[in-house]
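Report on the structure given below.
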Amino acid sequence: MTTYGRGARLLRRYGLWTLAVTAAAVTATWGLHRSLPVGYESRATVLVEPRFAVSGPDLGTERQIIRSDVVSVPAAARVGVDPTRLLSGLTVETAPGSNMLRFVYTAADGAAARARMRALVESYAAYRPGVSVLSEPGLPTSPATRPILPDLAAALAAGLLLGIGTAFLRARTRGTIRNRDDYAALTGAPVLATVPRHRRPGAPADPGSPAAEAYRYLRSRLQPSLRPTGTTTILVTSPGPRQGRTTTAANLAITLARTGRTVVLVDADLRDPQMHHVFRTSGDHGLTTLLDGDATVSDVLEETTVPHLRLLPAGPRDGEHADLIGSGQLARVLRAVQKHADLIVLDSPAVLSAADTIALAALSDQVLLVGNFARTRRDTVRRALAELADVVHGNVRPVLVNVPKSAGALVPLPRPAAAAVLTRDRLVSDADDVAPPAVTSHSYVEIDSTQADSLADYHARTATVAVPVISGAVYASSAATINAPKPAPTSPDGPPEESGSDEPVGSPTTPAAMSD
């Protein structure tokens with residue numbers, strides 16, 4: 001440990017804390033020792049003759065005999081106490097290398113201690129002939145006290161260990177983000193969203209989980225700052241490594257794509273790329289391929305399982321590509337990517353880990369600074385903001401992840417499960433329940449397979465429609481109308497558009513009831 005080492009700094013900062021914890025442990029031990037009940041001890045010594053066994057008496061067996069009913073019951077009856085209570089104050093010690101047993105009896109009163117000791121010794125001598133009483137039970141005149149020095153020494157050692165351990169713990173947690181408001185004060189901007197802990201932080205969150213709902217909340221907070229026309233570039237970074245920026249970038253890109261906008265997620269972390277692992281793509285070509293000019297954007301974009309979301313992996317890399325990030329080639333690549341997306345989400349290295357992030361921040365419209373409640377230190381947030389200050393102008397937006405509810409996290413409720421697909425049995429039941437008085441029954445007609453995509457998707461995803469039977473007559477022509485080659489066009493946001501026909505509902509060319 002050097003003068004300027006971590007241990008010396010820890011000692012200077014937490015030396016008083018360690019001393020205070022040690023003093024508290026010693027004081028507590030001393031107080032506990034003083035508060036223990038005072039007892040009087042009566043002592044006696046007996047000699048067990050060796051004739052009870054060929055090799056000498058078994059003192060362990062003799063101790064069991066003393067505590068057995070054959071000895072304790074007569075002694076308890078003599079002093080008028082319960083045998084269990086009588087034995088609770090008795091201690092029998094053996095002297096190594098001898099045939100002697102030492103009786104020690106502790107009670108709150110000296111006379112009671114001597115009377116009970118005498119009853120036990122005499123009862124044992126009466127049961128075991130040949131036992132000699134070497135010293136009669138004495139009358140204690142002062143209470144027995146336990147030596148305090150061993151207890152204080154143990155308390156001193158335990159206090160030092162506890163003080164040093166808690167000092168290390170405080171040093172590890174000192175300076176981390178305290179809560180949501182603390183992070184907002186550090187960054188000088190309101191926290192856009194807080195993401196609670198979830199089971200698999202390195203993968204996209206379950207769509208029905210509170211974490212996924214938190215990312216949807218982040219999307220809503222970002223929505224006003226997105227360009228209605230053109231492409232918006234969002235950089236996701238963090239002050240230090242392993243603080244949740246890759247998880248945030250992936251989940252943000254997914255939630256943005258689910259609104260129907262075209263999103264390209266760019267893995268711009270050329271030192272430790274992870275996005276091709278998250279989305280399980282090859283990653284053989286990507287950003288470095290574009291920086292080298294060896295391919296076009298269409299050649300390297302990879303489709304994902306999320307509609308409207310494509311991935312631009314980091315691609316093959318070496319030391320030279322890190323220099324290209326800071327060159328004008330990066331700006332040209334991003335302009336080319338903008339032609340393929342409404343939104344670009346950049347996953348970059350940590351601000352304090354690589355200079356690449358500064359260049360990427362200068363080309364971005366929004367910068368999300370992700371802080372991890374359990375890892376991010378307050379001093380690193382200040383340093384990261386200082387590094388970004390020259391290239392960003394008021395567009396740094398804080399996001400806090402891994403936040404417990406006690407630290408100000410808004411933990412949204414998970415979304416309810418999706419409604420079950422309407423089956424034919426459910427259709428039959430519902431159609432009969434809502435049938436008007438004039439409808440005596442329904443005839444169920446299967447939709448032609450060529451019409452399933454246009455009609456079944458609108459009518460509760462079932463290939464069956466209910467055609468009413470009025471007064472026993474089936475509108476059979478309804479089935480023919482349903483299976484006609486040209487169904488009525490549908491609008492994307494509402495029911496089928498009206499064709500201009502004046503025919504009433506329930507006419508031979510219009511089904512009166514369809515599944516909903």
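Numbering starts at 1 and runs along the sequence shown.
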Side chain proximity check, Pro349 to Asp272, heavy atoms < 4.5 angstrom | no
Should Leu222 and Leu368 count as side-chain neighbours, where that means a heavy-atom distance under 4.5 Å?
-> yes
Applying side chain to side chain contact (heavy atoms under 4.5 Å, CB included), run through Arg271 and Ser353 and close with a yes or a no.
-> CA-CA 10 Å; Arg271 289 165 174 79; Ser353 299; over 6 Å; no
If only atom types and distance count, is the side chain of Arg219 paired as donor or acceptor with the main-chain N or O of Thr255 below 3.5 Å?
-> yes
Are Thr289 and Pro316 close enough that some pair of their side-chain heavy atoms sits under 4.5 Å apart?
-> yes
In terms of heavy-atom contacts, Asp151 and Thr29 come closest through O-CG2, 3.7 Å
Do you know which two heavy atoms are closest between Ala250 and Val278, and how far apart they sit?
-> CB-CG1, 4.3 Å
Do Leu218 and Asn251 have side chains that get closer than 4.5 Å, going by heavy atoms?
-> no
Quick one: are Val263 and Val306 in side-chain contact, heavy atoms under 4.5 Å?
-> no
So Tyr215 and Thr248, side chain to side chain contact (heavy atoms under 4.5 Å, CB included) or not? Walk me through it.
-> CA-CA 8 Å; Tyr215 288 117; Thr248 301; 4.0 Å; yes
So salt bridge (Lys or Arg N to Asp or Glu O under 4.0 Å) across residues 253-266, not counting sequence neighbours, yields none
Over all heavy atoms of both residues, which pair between Val191 and Tyr183 is shortest? Give the atoms and the distance, please.
-> CG2-CD2, 4.1 Å
Spell out, as yes or no, whether a donor-acceptor pair under 3.5 Å connects the side chain of Ser348 to the backbone of Thr357.
-> no
Rounded to the nearest 0.5 Å, the OG1 atom of Thr281 sits from the CG atom of Leu311 at a distance of 5.0 Å
Output, in order, the C-alpha distance, side-chain angles, deciding distance and verdict of side chain to side chain contact (heavy atoms under 4.5 Å, CB included) for Val399 and Leu252.
-> CA-CA 11 Å; Val399 177; Leu252 176 62; over 6 Å; no
Of the non-hydrogen atoms in His276 and Gly283, which two are nearest, and what is the gap between them?
-> CB-CA, 4.1 Å
Flag the pair Leu363 / Thr233 as yes when at least one side-chain heavy-atom distance between them is below 4.5 Å, and no otherwise.
-> no
Qualifying residues under side chain to side chain contact (heavy atoms under 4.5 Å, CB included), relative to Ala158, sequence neighbours excluded = none
Nearest heavy-atom neighbours spanning Gly163 and Thr18 | O-OG1, 3.7 Å
Side-chain donor-acceptor pairs under 3.5 Å in residues 330-343, sequence neighbours left out?
residue, atom, partner, partner atom, Å
Arg332, NE, Gln329, OE1, 3.2
Arg332, NH2, Gln329, OE1, 2.7
Asp342, OD2, Thr262, N, 3.1

Give a yes or no on whether the backbone of Arg216 and the side-chain of Ser220 come within a donor-acceptor separation of less than 3.5 Å.
-> yes
Answer with yes or no whether the side chains of Thr246 and Gln274 bring together a donor and an acceptor at under 3.5 Å.
-> no
Should Leu312 and Leu290 be marked as a side chain to side chain contact (heavy atoms under 4.5 Å, CB included) after you check the CA-CA gap, both sets of side-chain angles, and the distance that decides it?
-> CA-CA 10 Å; Leu312 178 59; Leu290 297 179; 4.0 Å; yes
Option among Thr247, Thr194, Thr376, Asn372 that satisfies the side-chain contact (heavy atoms from CB on, under 4.5 Å) test with Val401 | Asn372
Can you pull the salt bridge (Lys or Arg N to Asp or Glu O under 4.0 Å) pairs that have at least one residue in residues 230-240, sequence neighbours excluded?
-> none
Cut-off 3.5 Å, side chains only: do Thr232 and Gln366 have a donor facing an acceptor?
-> no
Run the side-chain donor-acceptor check on residues 381-396: report pairs under 3.5 Å with partners two or more places apart or on a different chain.
residue, atom, partner, partner atom, Å
Asn395, OD1, His393, N, 3.4
Asn395, ND2, Asp365, O, 3.1

Inter- and intrachain pairs under salt bridge (Lys or Arg N to Asp or Glu O under 4.0 Å), touching residues 238-254, at least two apart = Arg245-Asp269
